[in-house]
Amino acid sequence: MISPILPLYERADLDFSHGEGVYLYTTDGKRYLDFASGYAALALGHCHPKMVEAIQIQSKKLWHLSNRYKIPGMYEYCKRLIDNSFADTMFMANSGAEAVECMIKMARRYFNEKGQLNRYHIITLEGAFHGRTLACATAGSSEKIKGFEPAVQGFVRVPFNDIEALKKAITKDTAGVMIELIQGEGGMRPLSDEYVKELRAICDKEGILLMIDEVQSGMGRTGDLFAYATYGVKPDLVALGKGLGSGYPVSACLATEEVGRAMKSGSHGSTFGGNPIAIAVGSVVLDVLLEKSFLDGVREVSKYLKEQLDTLASKYPQYIEDITGKGLMLGIKLRKDVDVDYFTILCRDNLILSIPASGNVMRLTPPLIINNQHVDEAIECFTKAFEDLGSTSKKVGHKVKSVVKSVFRKTGLKKE
Ligand code: PLP
């Protein structure tokens, strides 16, 4: 019989009762270091006191208003966010996919308004993940749209980090190039600096839009407010989500004035986008991220985490192929014969949470509030997990990958 919860996720058999800062607690009293942070959403960790306070205060005043009225604090919030960005204007939504969808619509609309009706093709990169709506799934890697065809028209996929392939894909119908600067789901893969700089130059030369999906990489995760600043380029459109509300559903599409002007009243919208609670929460997140030394702290702790992971990689070269990513968007790329799902379970057994990504990478996206002690604790958990991995392979007497299925049956992962 089908579960009342549509069985889309293999959920770990853990009963969390509450979270605080970098930790999650189960009903049986265990404490987990949360280096997954809800798919990289919890920029400020669990139940940040200033966010709790803001929600409590706002929840007694006003939860929801139609966007036909002025939403308290919305103008000030948007002005502050765009003043700290490349953008001149922004649209507020609720999820990353909606922000990306808006970015796609804006790119199409921009050329439509210019009378270039065929110019709606958007180039994306192999391995990309842009969300789960039909357009976003089409824009992402091919397996995400499989079984949901027909795909949305107008997306062209090219190999990752290959500038020649990208140049060849541009035609008179190209509206823009949509990228993640660091692919998250795709395995914590950063594009090279040279690729991104050249891409900006190509977009300028061809008169097409540079559209950056910063749903995962944005809001401080690279040690700058936006990853495009880490790369030193200026986009035309940016999608934000996840960290924007630090676990509360808030997302946004940021645009230059030139692109933004193509959107006319009534051409797009959202019932809940920019609701008063989202504004209250988002404002607190911005307050914290824009505190003088906050992003310096992210840069320092991410450097320390990377150094410690590199040391771990040299201690376990038989298991670790590489440490990938940037800032606090890092990945442990495991060797082919180590199954990332199984290793993630071993980590969980050693009280640290993380999430597998493509390319046999275990991704580490801790809250931005971690300090060096949390890093030391994490490394201790990973070390124990690697030791457990060693003893499992010895016990079983063959490659770890082949025992994964039975482990899944015996331990944590429960099918709904
Ligand atoms: N874009 C990127 C880069 C993402 O990582 C994600 C989610 O993982 C999305 C878009 C979709 O965000 P959401 O799940 O909030 O719709």
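Just the heavy atoms: all of them, side chains too, but no hydrogens, waters or symmetry mates, feed the values below.
- From L199, atom CG reaches atom NZ of K197 across 12.0 Å, with rounding to the nearest 0.5 Å.
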**Q.** Audit row: V158, L125, side-chain contact (heavy atoms from CB on, under 4.5 Å) steps and yes/no
**A.** CA-CA 5 Å; V158 297; L125 303 190; 3.6 Å; yes

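- Judged as a salt bridge (Lys or Arg N to Asp or Glu O under 4.0 Å), and not counting sequence neighbours, the contacts of D310 are K306.
- Put simply, the side chain of K333 never gets that close to the backbone of N360: no donor and acceptor are under 3.5 Å apart.
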Sequence neighbours excluded and cut-off under 3.5 Å, please list the side-chain donor-acceptor pairs for residues 205-213, or say none.
unit_1	atom_1	unit_2	atom_2	d
D213	OD1	V215	N	2.9
D213	OD2	H130	ND1	2.8

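- Residue E20 qualifies as open at atom CD: its count of foreign heavy atoms under 6.0 Å is 12 or below.
- For F386, the ring-ring contact (aromatic ring centres under 6.0 Å, His included) test picks out Y316, Y319, F343, with sequence neighbours left out.
- Using modelled atom types, no side-chain atom of R119 and backbone atom of F111 make a donor-acceptor pair closer than 3.5 Å.
- Of the possible donor and acceptor atoms, none in the side chain of S354 sits under 3.5 Å from a partner among the backbone N and O of F35.
- Separating the CD1 atom in I369 from the NE2 atom in H48 is a distance of 6.0 Å, to the nearest 0.5 Å.
- Counting heavy atoms of neighbouring residues, nucleotides and ligands inside a 6.0 Å radius, atom NZ of K79 does not exceed 12 of them.
- Among residue pairs with one or both ends in residues 85-104, none qualify as salt bridge (Lys or Arg N to Asp or Glu O under 4.0 Å); sequence neighbours excluded.
- Here the CG-CG distance, from L290 to N84, works out to 4.5 Å after rounding to the nearest 0.5 Å.
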Q: Before giving the answer on side-chain contact (heavy atoms from CB on, under 4.5 Å), spell out for H46 and L42 the whole-Å C-alpha distance, their side-chain angles and the decisive distance to 0.1 Å.
A: CA-CA 7 Å; H46 294 276; L42 293 151; 3.3 Å; yes

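- Panel note: side chain N350, backbone L346; a donor-acceptor pair is recorded below 3.5 Å.
- Nearest approach of A36 to T365, heavy atoms of both residues: O-OG1, 3.0 Å.
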(Q) E198 vs K167, test: salt bridge (charged side-chain N to carboxylate O under 4.0 Å, His left out). Steps then yes/no. (A) CA-CA 10 Å; E198 208 171 334; K167 280 187 201 160; 3.5 Å; yes

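- The shortest non-hydrogen separation linking I145 to A151 is CG1-CB, 4.0 Å.
- For Y23, the ring-ring contact (aromatic ring centres under 6.0 Å, His included) partners two or more places apart in sequence, or in a different chain, are H374.
- Under a cut-off of 6.0 angstrom, the local environment of CZ in F16 is crowded, with over 12 non-hydrogen atoms contributed by other residues, nucleotides or ligands.
- For S302, the side-chain contact (heavy atoms from CB on, under 4.5 Å) test picks out L328, with sequence neighbours left out.
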**Q.** Candidate pair E214 and R221, rule salt bridge (charged side-chain N to carboxylate O under 4.0 Å, His left out), full reasoning
**A.** CA-CA 10 Å; E214 291 234 30; R221 200 151 275 286; over 6 Å; no

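- Heavy atoms only, all atoms of each residue included: M362 and V340 are closest at N-CG2, 3.7 Å.
- Here the straight-line distance linking atom CG of L289 with atom CE of M219 works out to 5.0 Å at 0.5 Å rounding.
- For the pair K384 and D349, the salt-bridge criterion is not met [side-chain N within less than 4.0 Å of a carboxylate O].
- Under the 3.5 Å distance criterion, the side-chain polar atoms of Y231 are matched with a main-chain donor or acceptor of L191.
- With sequence neighbours excluded, the residues that form a salt bridge (Lys or Arg N to Asp or Glu O under 4.0 Å) with E257 are R261.
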Q.
Using side-chain contact (heavy atoms from CB on, under 4.5 Å), reason through E10 and D341 one step at a time and then give a plain yes or no.
A. CA-CA 11 Å; E10 289 181 337; D341 292 319; over 6 Å; no

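- Looking at heavy atoms from C-beta onward, I104 lies in side-chain contact with M178 at the 4.5 angstrom threshold.
- Using a distance-only test at 3.5 Å, with no hydrogens or angles considered, no donor-acceptor pair links the side chain of D322 to the main chain of T324.
- More than 12 heavy atoms of other residues, nucleotides or ligands shown are found within 6.0 angstrom of CD on E143.
- Atom CG of L364 is separated from atom CD1 of I352 by 7.0 Å, given to the nearest 0.5 angstrom.
- Checking side-chain atoms of N161 against main-chain N and O of S192 turns up a donor-acceptor pair under 3.5 Å.
- Between R80 and D287, at least one side-chain N (NZ, or NE/NH1/NH2) sits under 4.0 Å from a carboxylate O, which counts as a salt bridge.
- Other residues, nucleotides and ligands contribute at most 12 non-hydrogen atoms within 6.0 Å of the CD atom of E53.
- Partners of E149 according to the salt bridge (Lys or Arg N to Asp or Glu O under 4.0 Å) rule, which considers only residues two or more places apart in sequence or in another chain, do not exist here.
- Closest non-hydrogen pair, A227 versus L181, comes out as C-CD1, 3.6 Å.
- For the residue pair F91 and C102, the shortest heavy atom distance occurs at CD2-SG, 3.7 Å.
- Between R200 and D204 there is a salt bridge, since at least one side-chain N of the basic residue sits less than 4.0 Å from a carboxylate O of the acidic one.
- Checked by atom type and distance alone, the side chain of T174 never pairs as donor or acceptor with a backbone atom of G176 at under 3.5 Å.
- Pairs engaging residues 154-198 under the ring pair (Phe, Tyr, Trp, His ring centres under 6.0 Å) rule: none recorded [sequence neighbours left out].
- In this structure, the side chain of T133 does not engage the main chain of A97 through any donor-acceptor pair within 3.5 Å.
- No more than 12 heavy atoms of other residues, nucleotides or ligands sit less than 6.0 Å from atom NZ of K303.
- Atom CD of E380 sits about 12.0 Å away from atom CG of L312, to the nearest 0.5 Å.
- Applying the side chain to side chain donor-acceptor pair (under 3.5 Å) rule to pairs touching residues 268-286 yields N94-S270, K105-H268, sequence neighbours excluded.
- The salt bridge (Lys or Arg N to Asp or Glu O under 4.0 Å) test applied to R109 returns E113, not counting sequence neighbours.
- Taking each heavy atom of G220 and V298 in turn, the nearest pair found is O-CG1, 3.4 Å.
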N/O donor to acceptor pairs below 3.5 angstrom from side-chain atoms of residues 238-250, sequence neighbours left out:
unit_1	atom_1	unit_2	atom_2	d
K242	NZ	Y39	O	3.0
S246	OG	A43	N	3.2
S246	OG	L44	N	2.9

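- The closest donor-acceptor contact from the side chain of Q58 to the backbone of L62 lies under 3.5 Å.
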**Q.** Step-by-step side chain to side chain donor-acceptor pair (under 3.5 Å) determination, Y228 to S217
**A.** CA-CA 9 Å; Y228 69 74; S217 63; over 6 Å; no

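- Side-chain contact check for E258 and T256: no donor-acceptor pair (N or O, by modelled atom type) lies under 3.5 Å.
- The aromatic rings of Y25 and H18 lie parallel to each other, with less than 30° between the two planes, well short of the 60° mark.
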